[in-house]
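Start at 1 and go down the list; that is how both ligands and their atoms are numbered.
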Amino acid sequence: MEKRYVIAMDQGTTSSRAILFDRDGKVVSVAQREFDQHYPHPGWVEHDPLDIWSSQMGVTMEAMQKVDAKSEEIAAIGITNQRETTIVWEAATGRPIYNAIVWQCRRTADRIEQMKQEGWTDYVRGTTGLLPDAYFSASKIAWILDSVPGARERAKRGELRFGTVDTWLIWNLTDGRVHATDYTNASRTMLFDIHKLDWDEKLLSYFDIPRSMLPEVHPSGYLFGETSKFGGNIPIAGDAGDQQAALFGQCCFEAGEVKNTYGTGGFMLMNTGDRAVLSQKGLITTIAAGTGDKVQYALEGSVFIAGAAIQWLRDQMRFLKSSAQSEEYCRAVPDSNGVYIVPAFSGLGAPYWEQYARGTIVGLTRGASKEHFVRATVESMAYQTEDLLDSMCQESGLPIRSLKVDGGASANNFLMQFQADISGILIRRPALVETTALGAAGLAGLTTGFWKDREAFRASWRIGAEFSPSMQNEERKKLLKGWHRAVRAAIAWAKEEE
Ligand code: ADP
């Protein structure tokens, strides 16, 4: 039977989704299911690994059924997943010994503080490309081994397996035959040497994690195994963490290509080619998704509060009925009337790294209106994005070739034009903003020959809209200067308290 589809399994933090793509990169069918979040203590976040598995299976079957797709018509499965989330299970039974500890969970913050005080920061950065943080899997694995009775001994005896969510899905899809992950997911564990492409002995021994627990690591496009869960055998041929999958789905294959996701938070990744650029400004160095043995690297930076600031205007301030309405207010005034809003609700990330900074509004006058307030908030997303872009440009020494965008707030045309103006670059928004799923499908489809080569896959990236810079340079500089003054005010506020 002719191969007609590739399935992307998109396992996210709040929901599992499955999308069937055809050879044109068109979405043929989608199914999605939310699952429960568990908060056993303040600051702790867990998922039930069986919920993850069953919801992902359920939506995949549903998406296939909707278009009556047979397993023989599926060329391959590609997986993309919430990164860093940590699961430990018994090799013999596949039973998890604890819930999945979700990336957001802060339970190991003290352990990481201790690690920093012991002087590990430079080693971690040089080896893994990361900064020591409780987000990453390493301290979460150690926590499970320390906290579940008998787990350390069992791990030493080789009875336990660790996996990020992709690994957990692959294990279950293959009935425990395959214990594997890809470079992008491995590079978020804080245990993986991104230069040697191997698990790092020193970090394993620091966290007392036996190698036997760890999955084999392969390129993101790779024949991981086959699953017979949907009828006939289907190859599992793609695997990448969500942000790297999105970079791939945006077809940012060349050094200097950048994508930014405007979601609740903002996520920017820049392809830096074969060079692993180590950042001095708190950006992270990571491995980009690819199909060969030779890896490409990427710089990654995030904005803590992006679309969340619009939610705040809508839900707390009650200025808006919907997030989309923000655009109307932005267009109702010619500028923000000198008002700047720095939405540092939970501190400032790269390039400032001021965890005690707090939200700050400057430049209010008697003439400031609700429209100015909304506009200043929307503009703050563009300013924060520009700060990241500028840092990436400086640290990589690469000229930015394009900025491709996705995520909920990228639908705001005012914001996209303002971004083009303030960054002085062309912004390209694809017609299909499901770039994460498309990236996973692309990896799987390229590995199995569903798409002949990258050029054939690239044809599935179609332009939705372009925004060219039209602001005078002087105006741009003036606005950016005002923004940076506002950021200094937010930081000064934090400093006073110390
Ligand atoms: P996530 O995947 O992080 O949950 P999404 O990519 O779905 O987020 O984006 C949702 C976010 O985008 C919300 O914070 C919402 O406030 C914001 N958003 C959605 N549409 C618009 C819009 N037209 N203008 C500004 N912000 C928007």
Does the plane of the ring in W143 sit parallel, tilted or perpendicular to the ring in W44? Use 30° and 60° as the thresholds.
perpendicular
Ordered by chain then number, the protein residues lying under 4.0 Å from ligand 1 by heavy atom are G263, T264, G307, A308, I310, Q311, S323, A324, S326, G407, G408, A409, N412
Taking NZ in K478 as the centre, count heavy atoms belonging to other residues, nucleotides or ligands within less than 6.0 Å. Is the count above 12?
no
- Message: Taking atom CD as the centre, does Q316 end up with more than 12 heavy-atom neighbours from other residues, nucleotides or ligands that are less than 6.0 angstrom away?
- Response: yes
- With under 30° as parallel and over 60° as perpendicular, where do the rings of F192 and Y183 fit, or are they tilted in between? tilted
In R17, R83, K259, the residue satisfying salt bridge (charged side-chain N to carboxylate O under 4.0 Å, His left out) with D242 is R83
| task | May I ask you to check whether over 12 heavy atoms, not counting those of K477, lie within 6.0 Å of atom NZ? | result | no
